[in-house]
Amino acid sequence: MPDVTTDRRRSTRARAVAARLAAPAGVLAAVAGALAYVGAVDPNEPGHYPACPLLRYTGLYCPGCGGLRSAHAVVHGDLLAALRDNAAAVAGYLGFAVLWTVWVVHAARGRPLRIDVAPAYLWAAGALLLLFTVVRNLPFGGWLHP
């Protein structure tokens, strides 16, 4: 005959793990929904998405220009096209995937996720994004145009 106390403990633990995984699952569902939409509605077709205001009014590419086309290419498995459309966005997708995975592992184990990034790393990331933006707007940076 099964032990009722053991079954209750298992059930309680399973509910606690499910509750801890609810937030990462919700974030994954939202991101998957957004990627499914971008995968289904081609950003290369005019009129589906609004134009970048910076590009429209100044002719300059912002760091996000080409991000939707890049996401569309990732959804369709074309990594080279995704890198060509926006290499910084592809790095962001990879960073999100790693961070989300770490979050899920921590949540499943019942540990809080603490992200303590040194200010120097944040400044370096900002500098790289700024450099990416500047280079893609210079004549020799045409290979970074979306």
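For the single chain, residues carry numbers from 1 onward in sequence order.
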Exercise. Which pair of heavy atoms, one from R109 and one from R20, lies closest together, and at what distance?
Worked result: C-NH2, 4.3 Å
Problem set entry | Closest approach of L129 to P63 (non-hydrogen atoms, all atoms of both residues) | CD1-CB, 3.9 Å
Exercise. In terms of hydrophobic clustering (I, L, V, M, F, W, Y; side-chain heavy atoms under 4.5 Å; direct or indirect links), are V90 and V98 co-clustered?
Worked result: no
For this session: Kindly indicate, with the supporting measurements, whether the criterion side chain to side chain contact (heavy atoms under 4.5 Å, CB included) is fulfilled by F132 and N86.
Result: CA-CA 10 Å; F132 171 75; N86 191 325; 3.6 Å; yes
For this session: Please answer whether the main-chain N or O of G66 pairs with a side-chain N or O of S70 as donor and acceptor at a distance below 3.5 Å.
Result: no
Exercise. Got a second to check how far L128's CG is from W123's CH2, nearest 0.5 Å?
Worked result: 13.5 Å
Problem set entry | Linked, directly or transitively: Y121 and L131 (ILVMFWY side chains, under 4.5 Å) | no
For this session: Would you name the heavy atoms of A71 and V38 that are closest together and state the gap between them?
Result: CB-CG1, 4.0 Å
Exercise. How far apart are the C-alpha atoms of T133 and C62, what are their side-chain angles, what is the distance that settles it, and do they pass the side chain to side chain contact (heavy atoms under 4.5 Å, CB included) test?
Worked result: CA-CA 6 Å; T133 304; C62 76; 5.7 Å; no
For this session: Looking only at non-hydrogen atoms, find the nearest pair between V74 and A82 and report the distance.
Result: CG2-CB, 3.5 Å
For this session: Would you confirm whether Y49, through its side chain, and V41, through its main-chain N or O, come within 3.5 Å as a donor-acceptor pair?
Result: yes
For this session: Report yes or no: do V31 and V104 belong to one cluster of Ile/Leu/Val/Met/Phe/Trp/Tyr joined by side chain heavy-atom distances under 4.5 Å?
Result: yes
Problem set entry | Same cluster (ILVMFWY, side-chain, under 4.5 Å), L99 and L21 | yes
Problem set entry | Distance-minimising heavy-atom pair for H72 and G39 | CE1-O, 3.3 Å
Exercise. Just by modelled atom types, is the D42 backbone N or O under 3.5 Å from a matching donor or acceptor in the R69 side chain?
Worked result: no
For this session: Check the pair L28 / W100 against side chain to side chain contact (heavy atoms under 4.5 Å, CB included), numbers first and verdict last.
Result: CA-CA 8 Å; L28 180 63; W100 184 85; 3.6 Å; yes
For this session: Keeping the roles fixed (side chain from R56, backbone from A51), state whether a donor-acceptor pair exists under 3.5 Å.
Result: no
For this session: To the nearest 0.5 Å, tell me how far L60 CG sits from L54 CG.
Result: 5.5 Å
Problem set entry | Flag side-chain contact, heavy atom, 4.5 Å: P146 against R84 | no
Exercise. Relative to the ring of H145, is the ring of Y61 parallel (under 30°), tilted (30 to 60°) or perpendicular (over 60°)?
Worked result: tilted
For this session: Determine whether L144 and F140 fall in the same hydrophobic cluster, where Ile, Leu, Val, Met, Phe, Trp and Tyr are linked whenever their side-chain heavy atoms lie under 4.5 Å apart.
Result: yes
Problem set entry | Worked check of side chain to side chain contact (heavy atoms under 4.5 Å, CB included) between V102 and L113 | CA-CA 8 Å; V102 170; L113 179 62; 3.8 Å; yes
